[in-house]
Amino acid sequence: AMEKSFVSMLLLLVAISCALAKDTGKKDSKDTTAKPKLPQTLSRGWGDQLIWTQTYEEALFRAKHSQKPLMIIHHLEDCPHSQALKKVFAEHKDIQKLAEKFILLNLVYETTDKNLAPDGQYVPRVLFIDPSLTVRADITGRYSNRLYAYEPSDISLLYSNMQKALKLLKTEL
């Protein structure tokens, strides 16, 4: 038994160092004078005091079992639109308060679930999923070509869509 656990530890270490090596390589090529980053939390800056789930699977499980709606934010760290939306989202007191009523997930990668990209894989995009694990295609932003996209100027629409997701829940369950 000893040997087995030693081997799995070794594999874990190898995996960790590969991930780190990949990471540092990327940074260097871009900008050597980058200021040190704060440790990444699951919030990735969308609301550090909120509770964020780590994976899509965990988020679905929690939504189902807590009977709370799930809000998924797809974004990318080097996308200016994502960054701009994140800033207003994080600074919007009412949104941050309302977000406590949701299961929350922000993703910097696409899942294999095609339902999360009903009209394409663009960022930023925000989707709501109810506890029956149905993507709410009826809760959209204001752009007909990118239904789930929000600009910083659409923050009040996003807020009312969050309210809508919670309201729908009450009327349907």
Side-chain angles (χ1 to χ4, degrees), residues 8 12 15-16 19 37-79 81-144 146-173:
S8 57
L12 191 66
I16 289 169
K37 271 202 168 159
L38 290 167
Q40 272 285 21
T41 62
L42 288 176
S43 84
R44 296 191 178 90
W46 289 87
D48 294 337
Q49 78 295 346
L50 293 167
I51 297 164
W52 296 83
T53 50
Q54 193 160 1
T55 63
Y56 180 45
E57 291 70 30
E58 182 198 347
L60 290 175
F61 179 84
R62 287 210 193 165
K64 193 178 174 132
H65 290 271
S66 66
Q67 293 298 298
K68 284 180 174 178
L70 161 61
M71 176 158 97
I72 298 186
I73 304 169
H74 287 86
H75 64 108
L76 287 172
E77 292 297 341
D78 53 4
C79 159
H81 302 285
S82 296
Q83 292 304 325
L85 184 64
K86 178 197 296 194
K87 191 177 186 316
V88 294
F89 185 92
E91 289 168 4
H92 195 294
K93 301 260 186 304
D94 293 337
I95 276 191
Q96 291 290 311
K97 189 92 198 95
L98 197 58
E100 292 172 7
K101 297 183 160 71
F102 288 82
I103 302 298
L104 299 167
L105 176 67
N106 67 76
L107 293 174
V108 287
Y109 55 86
E110 293 290 339
T111 66
T112 53
D113 187 347
K114 297 286 174 275
N115 297 310
L116 288 190
D119 63 345
Q121 299 184 338
Y122 50 86
V123 294
R125 72 180 192 279
V126 183
L127 292 113
F128 296 94
I129 296 178
D130 65 30
S132 77
L133 306 188
T134 307
V135 173
R136 300 305 311 220
D138 52 346
I139 306 180
T140 57
R142 67 171 87 252
Y143 308 102
S144 54
R146 293 187 165 192
L147 292 174
Y148 307 96
Y150 297 85
E151 293 282 324
S153 57
D154 305 324
I155 198 70
S156 57
L157 175 62
L158 181 54
Y159 179 66
S160 63
N161 276 349
M162 287 168 73
Q163 289 174 310
K164 194 164 151 189
L166 288 164
K167 259 198 214 82
L168 282 171
L169 198 64
K170 289 203 177 63
T171 56
E172 287 178 10
L173 288 183

request  = Go through the structure and list residues passing side chain to side chain contact (heavy atoms under 4.5 Å, CB included) with Ala84, not counting sequence neighbours.
outcome  =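 Applying side chain to side chain contact (heavy atoms under 4.5 Å, CB included) to Ala84 gives Pro152.
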
key: Under the side chain to side chain contact (heavy atoms under 4.5 Å, CB included) test, residues paired with Asp94 that sit two or more places apart   =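 For Asp94 the side chain to side chain contact (heavy atoms under 4.5 Å, CB included) partners, ignoring immediate neighbours, are His92, Tyr159.
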
Compare all side-chain heavy atoms of [X] with those of [Y] and state whether any distance is below 4.5 angstrom.
X      : Y      : result
Phe128 : Phe102 : yes
Ile129 : Ile72  : yes
His75  : Leu85  : no
Asn106 : Trp46  : yes
Pro118 : Leu147 : no
Arg125 : Arg146 : no
Ile73  : Leu105 : no
Ile103 : Met71  : no

inquiry  = Can you see whether Gln49 engages Gln96 through a side-chain donor-acceptor pair at a distance of less than 3.5 angstrom?
reply    =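 There is such a pair between these side chains.
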
Any donor-acceptor N or O pair under 3.5 Å, side chains Thr111, Asp113 =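 There is no such pair between these side chains.
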
request  = Assess whether atom CD1 of Ile51 is packed by more than 12 heavy atoms of other residues, nucleotides or ligands within 6.0 Å.
outcome  =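 Counting other residues, nucleotides and ligands, CD1 of Ile51 stays at 12 neighbours or fewer.
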
message = Does atom OH (Tyr143) have a neighbourhood of more than 12 heavy atoms from anything else shown, all under 6.0 Å?
response =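 Atom OH in Tyr143 is packed in, count exceeds 12.
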
Might you point out which heavy atoms bring [X] and [Y] nearest each other, and give the distance in Å?
X      : Y      : answer
Ala90  : Gly45  : CB-O, 3.4 Å
Pro69  : Leu166 : CG-CD2, 3.7 Å
Arg136 : Asp138 : NH2-OD2, 2.8 Å
Thr140 : Tyr150 : C-OH, 3.7 Å
Asn161 : Gly141 : ND2-N, 4.3 Å

ask   = Checking side-chain contact (heavy atoms from CB on, under 4.5 Å) for the pair Leu158/Val126: CA distance, chi angles, key distance, verdict?
value = CA-CA 9 Å; Leu158 181 54; Val126 183; 4.0 Å; yes

Output the distance between atom [atom1] ([X]) and atom [atom2] ([Y]), rounded to the nearest 0.5 Å.
X      : Y      : atom1 : atom2 : answer
Ser160 : Lys167 : OG    : NZ    : 8.5 Å
Leu50  : Asp48  : CG    : CG    : 8.5 Å
Leu76  : Lys86  : CG    : NZ    : 10.0 Å
Ile95  : Gln163 : CD1   : CD    : 9.5 Å
Thr41  : Trp52  : OG1   : CH2   : 9.5 Å
Glu77  : Arg44  : CD    : CZ    : 7.0 Å

request  = Verify, without hydrogens or angle tests, whether Tyr122 (side chain) and Tyr148 (backbone) share a donor-acceptor contact under 3.5 angstrom.
outcome  =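 Yes, because the side chain of Tyr122 sits within donor-acceptor range (under 3.5 Å) of the backbone of Tyr148.
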
ask   = Of the options Leu70, Leu116, Asp130, which is the one that meets Val135 in a side-chain contact (heavy atoms from CB on, under 4.5 Å)?
value =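 For Val135, the side-chain contact (heavy atoms from CB on, under 4.5 Å) test succeeds with only one of Leu70, Leu116, Asp130, which is Leu116.
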
key: Pairs involving residues 53-71, ordered by first then second residue, that meet salt bridge (Lys or Arg N to Asp or Glu O under 4.0 Å) (sequence neighbours left out)   =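 Sorted result for residues 53-71: Glu58-Arg62.
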
